[in-house]
Each structure stands twice: as C-alpha cells, then as structure tokens.
Amino acid sequence: MELPVSLLTALLFSMACNLDTVLLSMGYAARGISLSAAGTLVIAAVTTFVTWLSLLLGDWAARLLPAGAPELLGALVLVGIGAWFLLDALRSLGREEAPPARPRDLWACVSLAAALAVNNAGAGVAAGVSGVSPGLAAGCNFAVTVLFLILGRVLGSGRPGRWLGRLALPLSGALLIALGLAQVLL
C-alpha cells in the first residue's frame with residue numbers, strides 16, 4: 001500500500017477502535033470526573049500495546065494464507081465486526097447504560113485500558129490480516145486514543161456529547177465496514 005492510503009487506513013482503524021474511548025471519557029466528564037495526564041497516557045499505552053500485538057498476530061496469520069486470501073479474509077472479518085456493531089447499536093436503542101466507575105489509581109487505569117483494548121484485539125487481528133501496517137496503526141492508535149480521551153472530556157460536559165455518545169457504536173461499525181471495503185477496493 002502507498003503511504004497516504006496506509007495512513008488513511010491506519011487512521012480509520014484507530015478511530016473505529018477508539019470510539020468507545022470517547023464514550024468512556026464523555027461519561028466521566030458528564031459526572032465531573034477528569035482523568036489525569038498520567039492516566040490518559042497509561043490508557044493510550046496499554047490499548048496501543050494490545051492493538052499492536054493483535055495487528056502483529058494478524059500480519060503473521062496472513063503469511064500462512066495463500067496469496068490474495070489475507071486481504072479478502074481480513075476485509076470480510078472487518079465488515080462482519082462492523083455489521084455486528086451496527087446490529088448491537090440497533091438492539092440497544094432506548095437502553096441507558098450505567099456510567100463508568102472512576103479509576104482510583106494508575107492500576108485502575110491499566111485495568112480500564114485492558115477492557116478498552118479487548119475491543120481493539122479482534123479488529124486488530126482482522127486489520128493485520130488485511131494488510132494494515134502494525135507500526136503505523138499502533139502509532140495512530142496512541143495519538144487517536146489521547147485525542148479521543150481529550151475530545152470525550154470536552155464533549156461530555158454538554159448536550160452535544162450525550163447526542164454523539166449514542167452515535168459512537170453505529171459510527172464505529174460504519175468505519176469498520178468502510179475500512180473492510182477499502183481494503184478490497186484500494
């Protein structure tokens with residue numbers, strides 16, 4: 001893949017994987033809770049590490065598949081995960097979720113980051129199989145995680161944040177579907 005396409009793919013992947021991060025940060029902000037700078041960096045580092053490992057696993061798995069199959073398989077899995085997110089969003093219409101618990105120390109941020117990283121792991125393997133660069137995507141993931149934690153804090157304090165919070169899951173699904181289709185078409 002050429003660098004601009006690779007960067008766009010890595011950014012789309014990172015954005016799709018971090019929409020739940022925005023929701024978490026918005027939930028905290030709505031309750032008057034702010035993550036420390038150290039907590040933000042811990043969350044970004046842990047989620048990026050898990051995402052990078054899953055991308056490497058997908059990249060390794062792609063080497064075992066016949067030529068042409070990894071891109072198609074990875075794209076199909078990304079589209080499938082995106083469709084699942086869309087269906088999950090439709091199923092949860094009208095349900096209110098409990099706000100997140102406040103992390104009390106850095107170890108709590110690590111466990112919170114591990115929970116956020118679980119979502120990234122499945123998509124990371126699929127993205128790695130489809131050819132997304134593990135290093136580029138990990139770099140984008142770190143930056144996007146930090147930016148989305150800050151964005152969530154800003155958005156969570158007002159009405160637009162609550163409205164955007166309801167759109168995060170379907171937007172994440174749509175981004176993963178777009179990423180899967182882009183892998184096949186580009």
Side-chain angles (χ1 to χ4, degrees), residues 1-25 41-92 100 109-149 152 167-186:
M1 264 189 256
E2 294 179 29
L3 184 60
V5 173
S6 295
L7 182 58
L8 177 63
T9 302
L11 280 171
L12 280 174
F13 167 74
S14 298
M15 290 169 60
C17 287
N18 277 290
L19 287 175
D20 57 346
T21 304
V22 171
L23 287 177
L24 172 86
S25 185
L41 292 176
V42 165
I43 290 170
V46 171
T47 59
T48 296
F49 180 71
V50 171
T51 302
W52 176 71
L53 284 177
S54 65
L55 285 157
L56 284 178
L57 178 62
D59 185 53
W60 174 77
R63 296 169 200 247
L64 301 176
L65 297 170
E71 293 82 11
L72 183 59
L73 179 62
L76 288 173
V77 172
L78 286 172
V79 169
I81 292 171
W84 182 261
F85 282 4
L86 289 174
L87 288 172
D88 199 31
L90 289 173
R91 283 187 293 219
S92 66
C109 287
V110 169
S111 63
L112 178 61
L116 289 170
V118 168
N119 291 339
N120 295 18
V125 171
V129 167
S130 68
V132 174
S133 165
L136 190 56
C140 287
N141 187 77
F142 186 84
V144 168
T145 301
V146 170
L147 289 174
F148 277 20
L149 284 168
L167 295 177
L169 191 58
L171 280 175
S172 182
L175 280 172
L176 286 172
I177 289 171
L179 180 59
L181 292 174
Q183 290 297 322
V184 172
L185 299 174
L186 298 177

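Just so it is clear, the model here is predicted, and its values are computed rather than measured.
Taking the side chain as every heavy atom from C-beta outward, C140 and L7 approach each other to under 4.5 Å. Side chains of T9 and V5 form a contact here, defined as non-hydrogen atoms less than 4.5 Å apart. The side-chain heavy atoms of T51 and F13, taken from C-beta on, include a pair separated by under 4.5 Å. Contact annotation: the side chain of T21 approaches that of L149 to within less than 4.5 Å [non-hydrogen atoms, C-beta and beyond].
Residue F142 holds its CZ atom at 12.0 Å from OG of S14, rounded to the nearest 0.5 Å. Separating the OG atom in S25 from the CG atom in L147 is a distance of 11.5 Å, to the nearest 0.5 Å. Rounded to the nearest 0.5 Å, atoms OG (S54) and CG (D59) are 11.0 Å apart.
Taking both residues in full, the closest heavy atoms of L55 and A127 are given as CD2-CB, 3.8 Å, listed atom of the first, atom of the second, then distance. Smallest separation of non-hydrogen atoms from G135 and W52: N-CD1, 4.4 Å. The minimum heavy-atom distance between I43 and A113, with the atom names listed, is CA-CB, 3.6 Å. When every heavy atom of A121 is checked against every heavy atom of V50, the shortest pair comes out as CB-CG1, 4.4 Å.
When atom types are taken as modelled, the side chain of N141 and the backbone of A137 share no donor-acceptor pair closer than 3.5 angstrom. A side-chain donor-acceptor contact under 3.5 Å links T48 to the backbone of A44.
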